[in-house]
Protein chains: 2
Amino acid sequence: MTDQIVTPFRSESHNHKRCVTDAMALAEERCARRGARLTRIRRRVLELIWSRHEPVKAYDLLDQLREEHRGAAPPTIYRALDFLLAEGLIHRIESLNAYIGCGDPSHPHLGQFLICERCNAVAEMDDDDIRDLLAHKAALQGFHVNWQTIEINGVCPSCRAIPNGTVSGNETDTPADRCR
Amino acid sequence: MTDQIVTPFRSESHNHKRCVTDAMALAEERCARRGARLTRIRRRVLELIWSRHEPVKAYDLLDQLREEHRGAAPPTIYRALDFLLAEGLIHRIESLNAYIGCGDPSHPHLGQFLICERCNAVAEMDDDDIRDLLAHKAALQGFHVNWQTIEINGVCPSCRAIPNGTVSGNETDTPADRCR
DNA sequence: TTGTCACATGTTATTCTATTGCAAACAATG
DNA sequence: CATTGTTTGCAATAGAATAACATGTGACAA
Ligand SMILES: [Zn+2]
Ligand SMILES: [Zn+2]
Ligand SMILES: [Zn+2]
Ligand SMILES: [Zn+2]
């Protein structure tokens, strides 16, 4: 079975705190092994990203960071994001100018993202079939692939269960909200 | 054969003027049939986009438009781009914040883009196999697809022919330059 | 300990990308 | 002509990201 789901859509009842601490532990471990310095700021930014199950914007992170860290400025955030991207701890969603935690930082990869346009939840796949098919089709054009950006918008399983025009209980719910 | 190349990588010797006028003729025809108003500004913006065989930035278009149209401002460009996107006459390349002419506006589609990181040339595919595989993989997660963003970065055939570290004749060449 | 070096952060300003809101101009229709 | 909807002009602002340079910090060797 070549297809692999790195970050699935989560059930409404999953333990969200656990989910964050697990991700942080993986990050600590990986950085330690690689001699990468997961400093206080970088760690905190990663934690802020993980604390939502949806793509987070750089300036949202900045606002949150400012509350506890006077003097935080755009470069503070973008440097942390650059580090986290380089270490494979987060991914950037190009179509949203936003960032999301990687569910499997153990090996570097480009993901394929399923983005719900109703609730903003995101699932990450790392599917060999997709990667290979794209590489094959590109090769037919004589093109050598270095990087793939694959972002799929649509409706996630939970939202499909809700009749289309229905006004849900709370339209401003975020994926993380539904986990609490 | 399900795979389809909408805009191939062009040979260095193709007739570039012809290529632009053909695209404009298709656009005129399509807008006429649909009752869409391809106004002077919109037409000119489309022409500016087609006159390069690479993704063009909004503010580059603005600079060019200003030279012949005093009073052009950001909204002037973005409104034109919105119209052209809505009519399927151009595509937006998310990973570059840039826009490129669509090689087949006759039917609306999401494309798959091959972007050369050396010369900035872009080829557009509209490949059913890719579309279907993604839809299938998404369905396995219970996800319903509405939109796909697929952008593949790498090295185009012409650039692969040039040894890697070689300094080419003119590094600032654009795809359109090479066509003249 | 002290010096040194690489790396990380602070600070200010700027660039690039895109949207909002409202007024004026224009085109199609009857 | 009058009406209506669309397009454009214009000024301001929001949002995303980087540049440039100064300052701080931690590891390590002299
Ligand atoms: Zn990942
Ligand atoms: Zn959803
Ligand atoms: Zn197209
Ligand atoms: Zn190339």
Side-chain angles (χ1 to χ4, degrees), chain A residues 27-28 31-49 54-87 89-100 120 149 151, chain B residues 27-28 31-49 54-87 89-100 120 149 151:
Chain A
E28 295 282 3
C31 287
R33 241 184 311 109
R34 294 188 18 113
R37 289 155 65 170
L38 189 60
T39 63
R40 198 175 300 109
I41 292 177
R42 291 165 176 176
R43 182 182 297 109
R44 185 60 182 138
V45 170
L46 181 58
E47 202 171 36
L48 289 171
I49 291 174
E54 63 186 337
V56 191
K57 305 232 153 197
Y59 276 70
D60 287 350
L61 291 168
L62 180 54
D63 290 342
Q64 295 184 256
L65 194 62
R66 264 199 231 272
E67 290 177 9
E68 60 199 54
H69 185 84
R70 71 138 235 151
T76 315
I77 292 294
Y78 283 104
R79 283 164 181 160
L81 292 172
D82 284 347
F83 171 86
L84 297 170
L85 286 168
E87 291 300 316
L89 298 171
I90 61 173
H91 293 285
R92 175 179 158 83
I93 307 293
E94 297 290 345
S95 58
L96 298 175
N97 295 335
Y99 305 83
I100 191 157
N120 301 319
T149 299
E151 300 171 8
Chain B
E28 294 282 3
C31 287
R33 241 184 310 111
R34 295 188 16 114
R37 290 155 63 169
L38 188 61
T39 62
R40 199 175 300 108
I41 291 177
R42 292 164 174 176
R43 182 183 296 108
R44 185 59 182 137
V45 170
L46 181 59
E47 201 172 36
L48 289 171
I49 292 174
E54 63 185 337
V56 191
K57 304 232 151 199
Y59 276 71
D60 286 350
L61 291 169
L62 179 54
D63 289 341
Q64 294 183 258
L65 193 63
R66 264 200 231 272
E67 290 176 8
E68 61 202 53
H69 185 82
R70 72 137 234 153
T76 315
I77 291 295
Y78 283 103
R79 284 165 180 158
L81 291 173
D82 285 346
F83 171 87
L84 297 170
L85 285 167
E87 290 301 316
L89 298 171
I90 60 173
H91 294 285
R92 175 177 157 85
I93 307 292
E94 297 290 346
S95 58
L96 298 175
N97 295 334
Y99 306 82
I100 190 157
N120 302 318
T149 300
E151 299 172 9

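Letters A, B, ... mirror the listed sequences (proteins, then strands); counts begin at 1. The shown structure was predicted, so the numbers you read here are calculated from the model rather than taken from an experiment.
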The correct set of residues in residues 61-75 of chain B placing a heavy atom under 4.0 Å from DNA chain C is B:P74, B:P75
Under a 4.0 Å heavy-atom criterion, DNA chain D is touched by chain B from D:dT6 to D:dA11
Q. Does the side-chain ring of B:Y59 sit on the six-membered ring of the C:dT17 base, less than 5.5 Å centre to centre and under 30° in tilt?
A. yes
Sequence neighbours excluded, the answer for salt bridge (Lys or Arg N to Asp or Glu O under 4.0 Å) partners of A:R34 is A:E87
Atom NZ of A:K57 and atom C1' of C:dT19 are separated, to the nearest Å, by 13 Å
Atom CG of B:L81 and atom C1' of C:dT17 are separated, to the nearest Å, by 11 Å
Separation of C:dT17 atom C1' from B:E94 atom CD, nearest Å, is 12 Å
From CG of B:D82 across to P of C:dT19 the rounded distance in Å is 7 Å
So the side-chain hydrogen bond (donor to acceptor under 3.5 Å, both in side chains) pairs with at least one residue in residues 89-100 of chain A (sequence neighbours excluded) are A:H91-A:H109, A:H91-A:E124, A:R92-A:E94, A:R92-A:N97, A:R92-A:Y99, A:S95-A:E151
Q) Contact class for B:I41 vs. all strands (heavy atom < 4.0 Å): base, sugar-phosphate, or nothing? A) sugar-phosphate
Original post:
When all nucleic acid strands are considered with a 4.0 Å heavy-atom cut-off, which category describes A:F83: base, sugar-phosphate, or nothing?
Top reply: nothing
When rounded to whole Å, the CG to P distance for the pair B:D60 and C:dC16 reads 9 Å
What does B:R42 touch in the nucleic acid at a heavy-atom separation under 4.0 angstrom: a base, only the sugar-phosphate, or nothing?
sugar-phosphate
Distances under 3.5 Å between protein N/O atoms and the N/O atoms of nucleotides 22-30 of chain C, please, pair by pair.
none

Identify every side-chain donor-acceptor pair in residues 40-47 of chain A under 3.5 Å, counting partners at least two apart or on other chains, and give the distances.
unit_1 : atom_1 : unit_2 : atom_2 : d
A:R42  : NH1    : A:R37  : O      : 2.8
A:R43  : NE     : A:E28  : OE2    : 2.6
A:R43  : NH2    : A:L38  : O      : 3.0
A:R44  : NE     : A:E68  : OE2    : 2.5
A:R44  : NH1    : A:E47  : OE1    : 2.9
A:R44  : NH2    : A:E68  : OE1    : 3.3

